[in-house]
Structures are given as structure tokens and as C-alpha cells.
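First up is the structure itself, then whatever we jot down about it.
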Amino acid sequence: MTINIIRHTSVDVESGICYGQNDVAVKDSFIEEATIVKHNLKKLPNPDVVFSSPLSRCTKLATFCGFEDAIRDDRLMEINFGNWQMCRWDDIDMSVWENDWINNPAPNGESFSDMYNRVSQFLNEVKSRSYTNVFIFAHAGVINCARIYFGKATFETAFDEDITYGAVVGFESCDI
């Protein structure tokens with residue numbers, strides 16, 4: 001089974017803002033960015049099934065690429081940063097994460113390990129089906145969780161690779 005996770009296009013949020021699960025708009029460059037993503041997806045085998053985060057930045061891209069019926073799943077949402085959402089990173093008291101950013105949640109949010117657990121549960125379900133090719137429209141955090149899940153990164157190295165907007169990252173279920 002091949003699983004391709006597609007990151008949404010650029011968001012219309014000021015640089016340095018923590019937006020997490022907020023349903024933010026995409027930039028005016030959406031058509032240009034989405035056209036490139038659509039072209040890249042046409043190079044891949046057609047998917048048996050398509051999933052999407054329910055956040056509009058993902059569903060809009062899925063629809064543009066011809067997958068308006070993508071199955072929405074809340075487990076594919078970005079990390080919930082709780083009280084930090086829509087705050088400037090520079091203004092956030094990161095002391096809650098200083099000792100253990102993997103297991104400590106943001107205030108009224110979730111930890112990275114919480115996010116990993118929900119993404120892993122989703123991937124376990126997908127792998128239990130007889131799909132050959134799967135597309136998932138999601139977020140960088142979901143892709144980083146998948147990188148850990150498929151043995152391509154550890155929790156400590158999950159964010160070492162920059163996942164660009166519109167990136168298509170492929171995994172083989174035999175990787176684990």
C-alpha cells in the first residue's frame with residue numbers, strides 16, 4: 001500500500017503566528033500553488049480512497065485536485081495548540097514545553113504524543129483495509145507523525161525536515 005500525504009497550500013496568516021487547528025484561509029496564491037500540486041498528483045497512480053482533514057485549507061485543495069468527496073476525518077487535523085492558537089510565537093510562554101515538548105500539552109490543547117496517537121490510530125485503520133493507493137490531504141504535523149509511524153524519523157527528529165506547503169510525501173506500508 002502506498003500512502004501519499006499532501007500538505008495544504010500556503011495560509012493567509014502573518015508569519016510568526018501559531019494557528020494550529022484554527023480554520024484559517026489560504027493565500028491569494030492558492031490557484032498557482034494548487035495547480036502545481038494537482039500536476040504532481042497526476043503523476044501518481046489513481047487513489048483507491050482519499051481522506052482529508054476537515055479544515056478548509058485541506059478540503060479546498062482536495063476539491064481543487066478533483067477529490068471533492070474526500071472523506072473528512074478529525075484525526076487528520078493539525079495539533080491543537082489550545083490557548084496558544086492565533087498568538088505570536090514570540091509572545092508564548094514556552095516553559096510548559098521546556099522539559100518535555102513531546103508529552104506536555106499546550107494549555108487547553110494537546111501534546112505532540114496525543115497528536116501522534118490519533119494519527120497512528122487513523123493510519124492503523126487505513127492499513128487494515130485492502131487499499132493500494134491512498135491520498136491524504138493534511139498538515140505538516142500529520143506528515144511528521146507519519147514519518148515517525150513509518151520509521152523515517154523519531155519523535156526527537158520529527159521536525160528536522162522542512163515540509164513545504166503543497167508537498168506530497170509518500171510512504172509504503174511495508175516501511176514498518
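- Listed for the T157 side chain is a donor-acceptor partner under 3.5 Å among the backbone atoms of T154.
- D23 places a side-chain N or O within donor-acceptor distance of the main-chain N or O of S56, the cut-off being under 3.5 Å.
- Expressed to the nearest 0.5 Å, how far CE of M86 lies from SG of C18 amounts to 9.0 Å.
- A 4.5 Å side-chain heavy-atom check between I17 and Q85 finds every atom pair outside the cut-off.
- Between atom OH of residue Y165 and atom CD of residue E33 there is a gap of 9.0 Å, rounded to the nearest 0.5 Å.
- Annotation: the span from L44 atom CG to K42 atom NZ amounts to 12.5 Å, rounded to 0.5 Å.
- Using cut-offs of 30° and 60° on the angle between ring planes, the pair W101 and F112 is tilted.
- The nearest pair of heavy atoms linking V142 to M77 is CG2-O, 3.7 Å.
- R7 places no side-chain N or O within 3.5 Å of a backbone atom of H139 that could act as its donor or acceptor partner.
- Between F64 and T35, the closest side-chain pair of non-hydrogen atoms falls below 4.5 Å.
- Between the side chain of N144 and the backbone N or O of G141, no donor-acceptor pair lies under 3.5 Å.
- Side-chain N or O atoms of D48 include one that pairs as donor or acceptor with a backbone N or O of N133 at under 3.5 Å.
- Side-chain contact between C87 and I92 is present, with at least one heavy-atom pair separated by less than 4.5 Å.
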Item checked: Residues T164, D162; criterion side chain to side chain contact (heavy atoms under 4.5 Å, CB included); working and verdict -> CA-CA 6 Å; T164 59; D162 184 34; 3.9 Å; yes
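- Between the side chain of R72 and the main chain of A70, a donor-acceptor pair closer than 3.5 Å is present.
- For the pair S128 (side chain) and E125 (backbone), a donor-acceptor distance under 3.5 Å is present.
- Once rounded to the nearest 0.5 Å, the distance linking OG1 of T9 with CD1 of I31 reads 9.5 Å.
- In this structure, F81 and W97 have tilted ring planes: the angle between them lies in the 30° to 60° band.
- Under the 3.5 Å distance criterion, the side-chain polar atoms of S52 are left unmatched by any main-chain donor or acceptor of P54.
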Next item on the list: Might you work through the side chain to side chain contact (heavy atoms under 4.5 Å, CB included) test for S111 and I102, ending with a clear yes or no?
Entry: CA-CA 6 Å; S111 69; I102 295 169; over 6 Å; no
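- Side-chain atoms of D114 and N117 include no donor-acceptor pair closer than 3.5 Å.
- Smallest separation of non-hydrogen atoms from D12 and V26: CB-O, 3.6 Å.
- No side-chain heavy atom of K127 sits less than 4.5 Å from a side-chain heavy atom of F122.
- By the 6.0 Å and 45° rule, K60 stacks over the aromatic ring of F30.
- Below 30°, between 30° and 60°, or above 60°: for Y116 and F155 the angle between ring planes is above 60°, a perpendicular geometry.
- Between F137 and F51, a ring centre-to-centre spacing not shorter than 6.0 Å is recorded.
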Next item on the list: Mind running side chain to side chain contact (heavy atoms under 4.5 Å, CB included) on D74 and L76 for me, showing each step along the way?
Entry: CA-CA 5 Å; D74 289 348; L76 296 172; over 6 Å; no
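- Just one residue in the list I6, T2, V49, V168 forms a side chain to side chain contact (heavy atoms under 4.5 Å, CB included) with F135, and that residue is I6.
- Within the model, atoms CZ of R75 and CE of M115 stand 13.0 Å from one another, a figure rounded to the nearest 0.5 Å.
- The existence of a salt bridge linking R88 and E14 is confirmed by a sub-4.0 Å separation between a basic side-chain nitrogen and an acidic carboxylate oxygen.
- Contact record, R57 with V24: NH1-CG2, 3.5 Å, taken as the closest heavy-atom pair.
- A donor-acceptor pair under 3.5 Å is formed between the side chain of Q21 and the backbone N or O of E78.
- No donor-acceptor pair under 3.5 Å is formed between the side chain of E110 and the backbone N or O of P105.
- By the 4.5 Å heavy-atom criterion applied to side chains, W89 and M94 are counted as neighbours.
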Next item on the list: List the steps and the verdict of side chain to side chain contact (heavy atoms under 4.5 Å, CB included) for V169 and N4.
Entry: CA-CA 5 Å; V169 182; N4 285 290; over 6 Å; no
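- Atom CD of residue E68 and atom OG1 of residue T63 lie 6.0 Å apart, to the nearest 0.5 angstrom.
- Contact detail for F171 and I5: the closest heavy-atom pair is CE1-CD1, 3.9 Å.
- The side-chain heavy atoms of Y131 and P47, taken from C-beta on, include no pair separated by under 4.5 Å.
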